[in-house]
Amino acid sequence: MTDRPVRVRFAPSPTGYLHVGGARTALYNWLFARQHGGAFVLRIEDTDRTRYVPDALTDLLDGLRWLGLCWDEGPEIGGPYGPYHQSDRLELYHQAAEDLIAKGAAYRCYCGPERLAQLREQQRASKQREGYDGHCRHLTSQQIADYEAQGIRPVVRLAVPDEGETTFHDLLRGDITVDNRQLTDLVLLKSDGFPTYSLGVVVDDHHMQISHIMRGEEWISTAPALQRIYDAFGWESPIQAHLPTILDPSGEGKLSKRKKKLADGREMPTFVREFRQAGYLPEALVNFLALVGWSYDGQTEFFRRDELIDLFDLTRVSTSAGAFSYEKLDHMNAAYIRQLGTNDLAGRLLQVLRREGYPADLGFALKAVPLVRERIKTLPDVIPLVDYCFADRLQYEPELLVQKKMDAESTMVALHKAANCLRAVSPFEEASIEAALRALAEGLDLKLGQLLGAIRVACTGKSVTPPLFGTLELIGQQKVIARLERAIALLAG
RNA sequence: GCCGCAUUCGUCUAGCUGGCCUAGGACACCGCCCUCUCAAGGCGGAGAUCGGGGGUUCGAAUCCCCCAUGCGGUACCA
């Protein structure tokens, strides 16, 4: 617990797209950095060449940027502690490994995969503790020379004492202690010359002067081993906080990267890019994610970004895993959409409509906004609310036209009068349409709902739409008249 | 198997320096109001004996112990 400057990092491996769990981890780190005027470092842990996914890095960077989590040091912008790809720092790890070997804290191991597999099998069969048996810990120089002569490329392992225990401190959970017998002589440097995660993080966090580590709780079990590495180097560990796991909406198991269906049939987004595609606003996702694992007072749930920076409290982060609630996210996203300015929302809706192939223009989008704003949870929800505007010919059951306590006859009369009435409305705008139709309903001795219900179906093909007067304006006078006439024809025969 | 972490309404959670908790808020759900349908909004309702069992105490969701369950780890993956 020193008062050195706050430096935190998000250190993903480019083995897949940016996942919400990772995004939440990044967010907490980012908030903490901003709150303390510290640095948010992005480091790419690309040490597993077998799992490398080419476009994962781009996705990661795009995702973070979309969420507004810009890094102060890292890929593309560099920084004083670079390079920020572990694959560009190999020399550093080799040096570190050599240092530990020189100190007697690590050793080269020439055991191949066959022997390790065999060992594991034996141990499992005899119910012994699984783990490396220290076979290469005390090789003679002759043995080493033999192995080298055979061309075997060694790994470097940490020599963990068999006795005693190892303790590390978690900011949220307190001291966590494990018996050293649970720890094995873990590999620090792989035979391909790349470091393992354990060596990489420790060396980099130290050299990059990281002050606080926030990462998922699935890493707790590796923490004692990391502590041993810190100790071996004689370094002080950064302050650590392990963040609770994000569970499936069912609450069973981690939110998986596998595609699952939501209750309403939509595909469950789990990658940030999918939330983006599904029409969630980044500010809503950020607000929501902040609350998965943290709460301010148990009451307040809506926070602007600057409020989050101000109020986020790392020590209040929960220790128990929580399910990801898409329903709550939808609720929150809807609230954020409602807060958007008209021009802003119109622009975003226009993008979605165009993407889906509707020939909408900005004027249309601006008119649509007040009609749909309170009715959409995500941006694409706008489509079923306005798609009929672009249809050439509406498909619907003629019976839908006939409202309660009406018949085909009276409906035809009503639609006919409505057509005449609307033909005369000028300008064809919400207010004047409303005045005309209200008067007509009264004149026909119909309830407003009956009249509007029939017109609604005739002009939209649906019995549920945004408020009708504005909707008719949006459709346009010509189309409205034509659709009314077609409806009459449908009823007639 | 072994090790670790966790356990409050269906879900996210507040509470955890013990009494103000007959456990608060939010999502979802139900009802009413508003209303041209649907929403949004307002009001109200139902919903947890705080995983179970032992303690400590005048008093425990809050402190201690045991058990159960869930999750995670147990790799030359991160």
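Chain A is the first sequence line, chain B the second, and so forth, proteins listed ahead of strands; every chain is numbered from 1.
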Practice problem: Look at all strands and tell whether A:Glu301 reaches a base, only sugar-phosphate, or nothing, counting heavy atoms closer than 4.0 Å. | Solution: base

Exercise. Scan A:Thr465 against the nucleic acid and name what it touches under 4.0 Å (heavy atoms): base, sugar-phosphate only, or nothing.
Key: base

Quiz item: Between A:Arg375 and B:A40, does any side-chain N or O lie under 4.0 Å from OP1 or OP2?
Solution: no

Quiz item: Touch check for A:Gly293, heavy atoms < 4.0 angstrom, all strands: base, sugar-phosphate only, or nothing?
Solution: sugar-phosphate

Exercise. Give a yes/no on whether any side-chain N or O of A:Arg51 is located under 4.0 angstrom from OP1 or OP2 of B:A78.
Key: no

Quiz item: Looking for any heavy atom pair under 4.0 Å, which part of the strands does A:Ser191 touch: base, sugar-phosphate only, or nothing?
Solution: base

Exercise. Classify the side-chain pair A:Asn287/A:Glu283 by whether it contains a donor and acceptor separated by less than 3.5 Å.
Key: no

Quiz item: Base, sugar-phosphate, or nothing: which does A:Val187 touch, judged by heavy atoms less than 4.0 Å apart?
Solution: sugar-phosphate

Practice problem: State whether a side-chain donor-acceptor pair under 3.5 Å links A:Thr166 with A:Asn180. | Solution: yes

Quiz item: Is any side-chain nitrogen or oxygen of A:Lys190 closer than 4.0 Å to OP1 or OP2 of B:A78?
Solution: yes

Self-check item: Sugar-phosphate only, base, or nothing, as touched by A:Gly453 at under 4.0 Å among non-hydrogen atoms
Solution: nothing

Quiz item: Quick one: is B:G15 close enough that its OP1 or OP2 comes under 4.0 Å of any side-chain N or O from A:Arg316?
Solution: yes

Quiz item: If you count the non-hydrogen atoms of other residues, nucleotides and ligands that lie under 6.0 Å from NZ in A:Lys377, is the total more than 12?
Solution: no

Practice problem: Would you mind reading off the distance between A:Leu172 atom CG and B:C16 atom C1', rounded to a whole angstrom? | Solution: 14 Å

Quiz item: Rounded to the nearest Å, what distance is computed from the CD1 atom of residue A:Ile220 to the P atom of nucleotide B:G70?
Solution: 19 Å

Exercise. Report yes or no: do A:Tyr197 and A:Asp48 form a side-chain donor-acceptor pair below 3.5 Å?
Key: no

Self-check item: Nearest to side-chain heavy atoms of A:Glu327, which nucleotide of B:C76, B:A28, B:C5
Solution: B:A28

Self-check item: Base paired to B:G18 (Watson-Crick or G-U; both N/O distances under 3.5 angstrom)
Solution: none

Quiz item: With respect to the phosphate group of B:G73, does any side-chain polar atom (N or O) of A:Thr222 fall under 4.0 Å of OP1 or OP2?
Solution: no

Quiz item: In whole angstrom, what separates A:Gln182's CD from B:G4's C1'?
Solution: 9 Å

Quiz item: Of all the nucleotides listed (B:G41, B:G72, B:U7), which has the minimum atom distance to the side chain of A:Arg338?
Solution: B:G41

Quiz item: With a non-hydrogen cut-off below 4.0 angstrom, is A:Arg173 in contact with a base, only sugar-phosphate, or nothing?
Solution: sugar-phosphate

Quiz prompt | C1'-based separation of B:G42 from B:A6 [nearest Å] | solution = 40 Å

Practice problem: Examine the base of B:C36 for any acceptor or donor lying under 3.5 Å from a partner atom in the side chain of A:Arg438, and report the outcome as yes or no. | Solution: no

Quiz item: Quantified in whole Å, what is the P atom distance between nucleotide B:G24 and nucleotide B:A14?
Solution: 15 Å

Quiz item: So does A:Arg49 get a side-chain nitrogen or oxygen closer than 4.0 Å to the phosphate oxygens (OP1/OP2) of B:C77?
Solution: no

Quiz item: Checking all strands, does A:Ile176 fall into the base, sugar-phosphate, or nothing category for heavy-atom contacts under 4.0 angstrom?
Solution: sugar-phosphate

Practice problem: Send over the distance from A:Ile229 CD1 to B:A78 P, rounded to a whole Å. | Solution: 12 Å

Quiz item: CG of A:Asp445: more than 12 outside heavy atoms within 6.0 angstrom?
Solution: no

Quiz prompt | Nearest-Å distance once atom P is located in both B:A60 and B:A23 | solution = 16 Å

Quiz item: How many Å lie between CG on A:Leu188 and C1' on B:A75, as a whole number?
Solution: 14 Å

Quiz item: When all nucleic acid strands are considered with a 4.0 Å heavy-atom cut-off, which category describes A:Pro12: base, sugar-phosphate, or nothing?
Solution: nothing

Quiz item: So does A:Thr47 get a side-chain nitrogen or oxygen closer than 4.0 Å to the phosphate oxygens (OP1/OP2) of B:A78?
Solution: yes

Self-check item: Counterpart base for B:C27, defined by Watson-Crick or G-U wobble contacts under 3.5 Å
Solution: B:G10

Self-check item: Rounded C1' spacing from B:G15 to B:U7 in Å
Solution: 15 Å

Quiz item: Strictly by modelled atom types, are A:Tyr52 and A:Asp46 linked by a side-chain donor-acceptor pair under 3.5 Å?
Solution: no

Exercise. Would you mind classifying the nucleic acid contact of A:Phe194 as base, sugar-phosphate or nothing, using non-hydrogen atoms under 4.0 angstrom?
Key: nothing

Quiz item: Does A:Arg24 make a cation-pi contact with A:Tyr28 (under 6.0 Å, within 45 degrees of the axis)?
Solution: yes

Exercise. Considering only atom C1', compute the distance from B:A39 to B:C34 and round it to an integer number of Å.
Key: 12 Å

Self-check item: Toward the 5' end of RNA chain B, by each residue's nearest nucleotide, A:Lys328 or A:Leu452
Solution: A:Lys328

Exercise. Nearest whole angstrom, please: distance from the P of B:A40 to the CG of A:Asp330.
Key: 12 Å

Quiz item: Taking atom C1' in both B:U13 and B:C63, what distance in whole Å separates the two?
Solution: 23 Å

Quiz item: To the nearest angstrom, how far is A:Leu285 atom CG from B:C12 atom P?
Solution: 18 Å

Quiz item: Using the benzene-type ring in the case of Trp, are the ring centres of A:Phe302 and A:Tyr296 under 6.0 Å apart?
Solution: no

Quiz item: So do the side chains of A:Leu92 and A:His207 get within less than 4.5 Å of each other, counting heavy atoms only?
Solution: yes

Quiz item: On a whole-Å scale, what distance lies between the P atoms belonging to B:U17 and B:U62?
Solution: 11 Å

Exercise. Indicate, with a heavy-atom threshold strictly under 4.0 Å, whether A:Arg181 touches base, sugar-phosphate, or nothing.
Key: nothing

Practice problem: For B:C34, give its Watson-Crick or G-U wobble partner with both distances under 3.5 Å, or none. | Solution: none

Quiz item: Does B:A46 pair with anything, Watson-Crick or G-U wobble, both distances under 3.5 Å, and if so, with which nucleotide?
Solution: none

Quiz prompt | For B:U57, the Watson-Crick or wobble counterpart (both distances under 3.5 Å) | solution = none

Self-check item: Integer-rounded Å distance: B:A23 C1' and A:Asp297 CG
Solution: 16 Å

Quiz item: Does any nucleotide pair with B:C2 by Watson-Crick or G-U wobble geometry, both distances under 3.5 Å, and what is it?
Solution: B:G73

Quiz item: Nearest of B:C27, B:C36, B:A40 to any side-chain atom of A:Glu374?
Solution: B:A40

Exercise. Using the P atom as the reference point in each nucleotide, state the distance between B:G41 and B:A28 in Å, no decimals.
Key: 9 Å

Practice problem: Report the residue (A:Gly298 or A:Asp46) whose heavy-atom-nearest nucleotide on RNA chain B is the more 5′ of the two. | Solution: A:Gly298

Quiz item: Is there a donor-acceptor contact under 3.5 Å linking the side chains of A:Asp55 and A:Thr58?
Solution: no

Quiz item: When we call it a touch if two heavy atoms are under 4.0 Å apart, what does A:Pro195 touch: a base, just sugar-phosphate, or nothing?
Solution: sugar-phosphate

